[in-house]
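Take a look at the structure below.
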Amino acid sequence: MLWSKLFIPTLREDPADAEVASHRLMVRGGYVRQLSAGIYSYLFLAQRSLLKITRIVREEMDAIGAQEFYLPALNPAEVWQESGRWDVMGDNMFRLKDRFGRPLCLGMTHEEVMTAVARGELRSYKQLPQIWYQIQTKFRDEPRPKSGLLRTRQFTMKDSYSFDVDAAGLDRSFDLHHAAYGRIFSRCGLRYFDVQADSGAMGGSQSNEFMVVTGAGEDLVVHAPGSNYAANMEKAVSVPAPPSASDPEGALEPEEFATPDQKTIAEVSAFTKLPETSQMKSLVMAAGGKLVMAVLRGDHTLSETKFSALLGAQEVRPAHPEEMREALGAQAGSLGPVGVQKMRVVADEALKGRKNMICGANKDGYHLKNVTPGEDFQPEWADIRQVSAGDTCIGTGEPLRIEKAMEVGHIFKLGYRYSERMGLRVLGEDGKELTPIMGSYGIGIERILCGAIELYHDKDGIVLPVSIAPFTVVVTPVNMGDEAQRLAAQSIYAACKALGLDALMDDRDERPGVKFKDAELIGIPYRITVGKKLAEGKVEITVRAGKTMLEATVTEAAAKVAELAAAAAPKPEA
RNA sequence: CGGGGCGUAGCGCAGCCUGGUAGCGCACCUGCCUUGGGCGCAGGGGGUCGCCAGUUCAAAUCUGGCCGCCCCGACCA
């Protein structure tokens with residue numbers, strides 16, 4: 001295509017309201033323009049790149065036998081009411097009414113619609129397994145859209161759903177997706193982590209997230225560089241760093257002592273001159289209308305995800321001050337597990353084997369010392385602790401790293417939730433009805449592009465992987481007024497196209513500096529510069545990643561780029 | 001929803017405190033010039049100063065309300 005005819009509105013300066021690199025560069029590079037908070041117009045370059053991404057996704061989904069559908073984004077309330085998510089989704093769902101007042105919503109995901117199709121049509125176990133997918137626009141009324149295309153109110157998702165006769169079948173469908181996702185993200189050129197994740201309150205057993213490590217991300221991944229361990233922060237486990245002071249010896253009895261105005265762990269630690277690791281933190285939480293006490297080492301943080309999973313509760317919140325006072329007779333800052341009868345007490349396993357520690361006395365202004373978990377109080381033991389910096393890997397003992405990351409894909413085993421509630425049944429081999437088991441698998445299409453840009457950019461702009469760049473190569477005649485250059489550039493451009501390269505011809509009557517800057521900004525992997533060396537029959541090939549440069553003759557330039565591109569973006573194995 | 005910031009030409013910003021002709025750079029248009037890193041010269045077009053109300057002889061500027069956008073937090077099957 002001819003650059004002079006295209007709409008690629010690059011900006012010389014950074015947009016004022018773009019914070020993260022992908023947002024800033026996509027606006028500057030003329031990929032996108034914002035229409036409203038969390039709503040973007042994808043211009044020519046973004047659309048080309050997104051089409052390349054979706055093509056890769058399609059190829060890999062088709063390769064595992066998945067079938068592409070296209071489902072309505074506009075959904076009647078009924079199906080969401082049947083699944084129970086009409087209420088669960090709350091304000092995150094865009095809702096509207098039609099002219100007759102019938103409630104509708106814009107789809108956030110498509111479990112309901114897929115299940116509705118399935119229950120109308122699937123009759124026999126012989127029709128299973130099925131994997132259905134679509135690439136569709138999703139709508140979520142985010143409380144805070146942010147970071148450009150990272151968190152938007154309208155976005156594109158590849159979502160697939162599997163239907164199997166039994167758990168073993170679901171395992172196979174899950175594994176197929178797991179492998180396909182790895183191929184998809186690799187082919188898109190992403191460096192990613194495949195992490196164990198929490199499956200959330202919506203049911204389901206196994207769950208993996210595909211995460212791209214970037215400071216722009218909103219999640220945290222915990223990983224050990226030397227081993228295979230990687231997990232979402234919510235689910236991660238670790239060996240805690242040892243306490244910084246050893247516990248006092250002896251079978252000591254708990255003893256009350258005054259701690260006026262010392263409430264936080266830090267305050268009590270300073271007051272007692274004993275480190276935070278010698279304190280016990282007692283948190284009273286309300287779950288499902290009941291109070292539960294969580295006891296942790298002073299320097300540790302409660303993982304609300306693990307805690308609520310343990311309790312099987314949908315919602316866990318800190319107890320109100322009145323609730324604490326009523327149940328324990330003291331306020332936060334002086335609470336402790338000793339003598340507590342009215343509520344469950346769950347202690348984190350990091351406290352196992354510890355003795356003679358300090359905790360609140362359930363009496364304002366007082367704490368207890370010489371408290372030994374398991375002796376002076378009998379808790380339920382569980383891992384309810386969030387991994388923290390300094391912890392080590394359970395498997396290898398090496399230090400764990402905690403890094404910010406962005407979720408680009410999520411696969412998980414749904415179980416029977418939707419099929420059960422929405423009445424999806426087929427006849428089994430034995431002639432009895434059975435409820436198919438489902439899986440759900442999502443990929444954020446725009447997030448792949450964002451992730452690639454976050455990972456690969458420099459001060460001059462975007463450095464996209466060949467497989468998802470809007471163009472593979474740009475042919476840049478330095479001086480359009482020079483006929484020899486123009487003709488040579490045209491022949492190279494034609495040769496590129498003949499080789500099937502996605503080529504762009506920068507035929508604009510611009511200064512060379514402008515053309516170079518623009519090509520670098522928008523991230524085209526290769527540039528063939530036709531300039532002063534043409535007198536010797538030579539042109540230059542510049543590789544955007546690393547800005548390396550090599551020479552080639554006019555006749556061989558296109559083939560050389562094709563070779564480089566093929567090496568950089570291998571095709572899928574047949 | 002809580003905290004902070006910002007709204008003036010397509011983009012980036014100044015002007016506002018101390019009320020009185022709406023500015024600068026980039027981009028855009030015309031002409032000349034130039035052609036290996038966002039050239040140069042000359043001329044030109046483009047604004048309900050976010051919206052509404054108030055104060056005033058007079059409001060981009062002061063006051064009040066509203067709206068929008070960005071950032072932090074809460075939230076995120």
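Keep in mind that the numbers below use all heavy atoms, side chains included, and drop hydrogens, waters and symmetry copies. Chain A is the first sequence line, chain B the second, and so forth, proteins listed ahead of strands; every chain is numbered from 1.
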Just the rounded figure in Å: distance from [atom2] of [N] to [atom1] of [X].
X	N	atom1	atom2	value
A/E13	B/G10	CD	C1'	12 Å
A/R24	B/G12	CZ	P	14 Å
A/D506	B/G37	CG	P	15 Å
A/N92	B/C75	CG	P	12 Å
A/L11	B/G25	CG	C1'	14 Å
A/E234	B/A77	CD	C1'	12 Å
A/L150	B/C71	CG	P	11 Å
A/D219	B/C75	CG	P	13 Å

Partner set under salt bridge (charged side-chain N to carboxylate O under 4.0 Å, His left out) for [X], not counting sequence neighbours:
X	result
A/R508	A/D506, A/D518
A/R421	none
A/D159	A/K138
A/D458	A/R544

Subject >> Inter-nucleotide C1' distance (B/A59, B/G15), Å rounded >> reply: 14 Å
Would you please name every residue forming a ring-ring contact (aromatic ring centres under 6.0 Å, His included) with [X], sequence neighbours left out?
X	result
A/Y526	none
A/H23	A/Y40
A/F193	A/H223
A/Y416	none

Would you tabulate the pairs of protein nitrogen or oxygen atoms and nucleotide nitrogen or oxygen atoms of nucleotides 68-70 of chain B closer than 3.5 angstrom?
residue	atom	partner	partner atom	Å
B/C69	OP1	A/S36	OG	2.9
B/C69	OP1	A/A37	N	2.9
B/C69	O3'	A/Q34	NE2	3.1
B/C70	OP1	A/Q34	NE2	3.0

Subject >> Over-ring placement of A/R527 relative to A/F516, 6.0 Å and 45° cut-offs >> reply: yes
**OP:** Identify which one of A/I411, A/V195, A/I184 satisfies the side chain to side chain contact (heavy atoms under 4.5 Å, CB included) criterion when paired with A/F210.
**Re:** A/I411
Any strand counts, and the cut-off is 3.5 Å on both contacts for Watson-Crick or G-U wobble. Which nucleotide pairs with [N]?
N	value
B/G64	B/C52
B/C57	B/G20
B/G2	B/C72
B/A42	B/U30

Original post:
When all nucleic acid strands are considered with a 4.0 Å heavy-atom cut-off, which category describes A/E520: base, sugar-phosphate, or nothing?
Top reply: base
Original post:
So what does A/R28 hit on the nucleic acid, given a heavy-atom distance under 4.0 Å: a base, only sugar-phosphate, or nothing?
Top reply: base
Subject >> Pair A/E218-A/K146, salt bridge (charged side-chain N to carboxylate O under 4.0 Å, His left out): steps then yes or no >> reply: CA-CA 10 Å; A/E218 306 176 88; A/K146 59 183 225 182; 3.5 Å; yes
**OP:** Please check if the side chain of A/R140 supplies one atom and the backbone of A/M108 the other of a donor-acceptor pair under 3.5 Å.
**Re:** yes
**OP:** Quick one, give me the B/S/- string for nucleotides 28-36 of chain B, reading 5' to 3', where B means a protein heavy atom under 4.0 Å from the base and S means that only happens at the primed atoms, P, OP1 or OP2.
**Re:** ------BBB
Distances under 3.5 Å between nitrogen or oxygen atoms of protein and nucleotides 2-8 of chain B:
none

Original post:
Going from CE on A/M211 to CG on A/N232, what distance comes out if it is rounded to the nearest 0.5 angstrom?
Top reply: 5.5 Å
**OP:** With RNA chain B as reference, determine whether A/V20 or A/D14 sits nearer its 5' end, using the nearest nucleotide of each.
**Re:** A/D14
Original post:
Taking all non-hydrogen atoms of both residues, which atom of A/V387 and which atom of A/A236 are closest, and how far apart?
Top reply: CG2-O, 3.4 Å
Original post:
Looking at A/K5 and A/D507, does any basic side-chain N land under 4.0 Å from a carboxylate oxygen?
Top reply: no
Check the interface with nucleotides 40-43 of chain B: list each N/O to N/O pair with the protein under 3.5 Å, or write none.
none

